[in-house]
*Asks:* 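Handing you a structure now.
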Amino acid sequence: MSDRIEPARAPSGTHDVLWPESARWEALLAHFASVVESAGYGLAHTPIFEDARVFRRGIGEGSEVVGKEMYEFEDRGGRSLALRPEGTASLVRAYVQHRPTLPWKAWYATPAFRYERPQAGRYRQHHQLGVEALGPADPDLDVEVISLADDFYRSLGLRRFKLRINSMGDGSCRPGYLALLTDHLVARREELCVEHAGRVDANPLRALDCKRDECRSVTGGAPHFIDHLCGECRGAFDRVLAGLDALGVAWVIDHRLVRGFDYYTRTCFEFGSDALDSAQNGIGGGGRYDGLVEMLGGPSTPGIGFGLGIERILLACDAEGVFPVAPPPLDAYIIDVTGGDAARDLSALLRRAGLRVEQAFDGRSMKSQLKSADRSGARLALIVGSDELEQDAVTVRTMRGVGEQVQVPRADVVAAVRQTVGSTDPIRKEHL
RNA sequence: GUGGCCGUAGCUCAGUUGGUUAGAGCGCCGGGUUGUGAUCCCGGAGGUCGCGGGUUCGAGUCCCGUCGGCCACCCCA
């Protein structure tokens, strides 16, 4: 058949999250919400596309993400829009637009889009959890934000991860450091890798985190940013480290850590998983961005935040063997071999009583319906056959390998099920 | 975007130097008498061998292209 239809498939670098994996995502979200809401962060939803300038101005024209990875398009009205490549710029745009009272603390969960060559742990649509805190320049806020990420990872059971931290200075000390760094790199330009030899003048920071040996040997001797911070930046950095120590959050200074977005100032950090045997082992990162609000047309307002990658966190969980999928079980599965009326009506009755109930369709045999009941993971099978119909009763059978059963009057079914599975609403309790 | 590896049933894979109707395990569906799952036994359905072209008497097996996945780079979550 030449006219057969190619099976439809998701675009390259995207993926579906189906049951039961989706239950794990839900649980992940719930963990995150509980951690950050305990610190006063409120959920914010913003559009997944923005005027492309929001990202250009914030993240930076020269950055890889904006320069070659952004999903940018023109809408029917000729506006230049872009799918968000990360969360911070959007949230800061929302702040600039609505000007909620400071301090403003928000969290989000969102897809993020980057046109990259896909790989495990690197997708064209991935998903991030994050927080943004605007207002205070207080380094204790940095400590709060960083420790929230640390708490969240731990709440999932993750242990084999590391926090790397550095400072990128501010307007008063960064130019001086960049000059020093540029001098160092230019003096040994020939030794750098081909990628960076030509670009040191334009963006000296990029060469710092290059992984190639040529660059490494040169940048190994490069001046460290934290040795050239101004007094204020240095004091803030020390306060952050002391705060992390006080809260028991382990850190290691990484002099090469310079994040790829232009808006970062002072504190910057990344969390990497030691359990992930891959180049995609970064499970989260963030930093302070004291100039970003201004870049988007708002009043000078300090801010700090982080973004964590859901897919990579889940990969890390798999690698560490923690945070297993635990979908909430059904309370009952209804088996009806009398034509279906009982299954239909009983299901609705029980659901309206707050129970989780499924039924079989298509009038299959009792054996096959019980099989489905078994696979569904339901705690009980409620059986309605001709005997039960005659006596206006229901047989309640315990599942999961037990196999004991008792007949109860139909009027008592809800009570009988409740008695076995517990009276309170069991929804989403078990896997949290 | 650059370089490399891979692509066989829903899933994990086997398919000999290219040679008759492409296999297994798991899963799925059905059956093992008169209403009973999870164990056991039996049977069944299900494959455009990613897709397109080429070489050949003949291709799942070779070649090219393409799509997709994976690995490294790049970048980042």
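The sequence lines fix the lettering, A, B, ..., with proteins before strands; numbering per chain opens at 1.
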*Asks:* Do the side chain of A:Gln369 and the base of B:U36 come within less than 3.5 angstrom through a donor-acceptor pair of N or O atoms?
*Replies:*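 Donor-acceptor pair under 3.5 Å: no.
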*Asks:* Only Watson-Crick and G-U wobble pairs with both distances less than 3.5 Å should count. Give RNA chain B in dot-bracket notation, marking inter-strand partners with |.
*Replies:* (((((((..((((.....[...)))).(((((.......))))).....(((((..]....))))))))))))....
*Asks:* At under 4.0 Å between heavy atoms, how does the protein contact nucleotides 4-12 of chain B? Give one character per nucleotide, 5' to 3', with B, S or -.
*Replies:* B--------
*Asks:* Of the nucleotides B:G68, B:A77, B:A72, which one has an atom closest to the side chain of A:Gln280?
*Replies:* B:A72
*Asks:* Across the strands shown, which category fits A:Glu270 at heavy-atom distances under 4.0 angstrom: base, sugar-phosphate, nothing?
*Replies:*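 No contact.
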*Asks:* Please answer whether B:A77 and A:His126 are stacked, defined here as ring centres separated by less than 5.5 Å and planes angled under 30°.
*Replies:* yes
*Asks:* Go through residues 284-291 of chain A and report each residue with a non-hydrogen atom lying under 4.0 Å from RNA chain B, sorted by number.
*Replies:* A:Gly284, A:Gly285
*Asks:* A:Tyr177: which residues meet the ring-ring contact (aromatic ring centres under 6.0 Å, His included) condition with it, sequence neighbours left out?
*Replies:* A:Phe225
*Asks:* Which residue in the set A:Tyr153, A:Tyr41, A:Trp107, A:Trp25 passes ring pair (Phe, Tyr, Trp, His ring centres under 6.0 Å) when paired with A:Phe32?
*Replies:* A:Trp107
*Asks:* Give the nucleotide from the list B:C75, B:C29, B:G1 with an atom nearest to the side chain of A:Arg364.
*Replies:* B:C29
*Asks:* Does atom CZ of A:Arg188 have more than 12 heavy-atom neighbours from other groups under 6.0 Å away?
*Replies:*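 Atom CZ in A:Arg188 is packed in, count exceeds 12.
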*Asks:* One thing to verify: whether A:Arg288 and A:Asp290 come together as a salt bridge, which I'm taking to mean a side-chain N less than 4.0 angstrom from a carboxylate O.
*Replies:*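 So A:Asp290 pairs with A:Arg288 through a salt bridge.
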*Asks:* So what does A:Arg114 touch, heavy atoms closer than 4.0 Å: a base, only the sugar-phosphate, or nothing?
*Replies:* base
*Asks:* Categorize A:Ser386 for me: base, sugar-phosphate, or nothing, with a 4.0 angstrom heavy-atom threshold over every strand shown.
*Replies:*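 Counting heavy atoms under 4.0 Å across all strands, no contact is made by A:Ser386.
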*Asks:* Check if the side chain of A:Gln125 and the base of B:A77 share a donor-acceptor pair of N or O atoms closer than 3.5 Å.
*Replies:*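 Checked by distance alone, the answer is no.
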*Asks:* Of all the choices, B:G35, B:G1, B:C29, which nucleotide is nearest to the side chain of A:Arg122 once you look at every atom?
*Replies:*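 Closest nucleotide to the A:Arg122 side chain: B:G1.
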*Asks:* With a 4.0 Å cut-off, would you call A:Arg266 and A:Asp170 a salt bridge?
*Replies:* yes
*Asks:* Run the side-chain donor-acceptor check on residues 301-321 of chain A: report pairs under 3.5 Å with partners two or more places apart or on a different chain.
*Replies:*
unit_1	atom_1	unit_2	atom_2	d
A:Thr301	OG1	A:Pro299	O	2.6
A:Glu311	OE1	A:His127	N	3.0
A:Glu311	OE2	A:His15	NE2	3.1
A:Glu311	OE2	A:His127	N	3.4
A:Glu311	OE2	A:His127	ND1	2.7
A:Arg312	NE	A:Gly121	O	2.6
A:Arg312	NH1	A:Gly282	O	3.1
A:Arg312	NH2	A:Gly121	O	3.1
A:Asp318	OD1	A:Arg24	NH1	3.0
A:Asp318	OD1	A:Arg24	NH2	2.9
A:Glu320	OE1	A:Arg159	N	3.0
A:Glu320	OE1	A:Arg160	N	3.3
A:Glu320	OE2	A:Arg159	N	3.3
A:Glu320	OE2	A:Arg160	N	2.8

*Asks:* Using a 4.0 Å heavy-atom cut-off, write out nucleotides 37-45 of chain B from 5' to 3' as B (base contacted by protein), S (sugar-phosphate only) or - (no contact).
*Replies:* BB-------
*Asks:* Let's see if you can work this out: which of B:A77, B:G35, B:C71 has an atom nearest to the side-chain heavy atoms of A:Ala120?
*Replies:*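 Nearest to the side-chain atoms of A:Ala120, counting from C-beta on, is B:C71.
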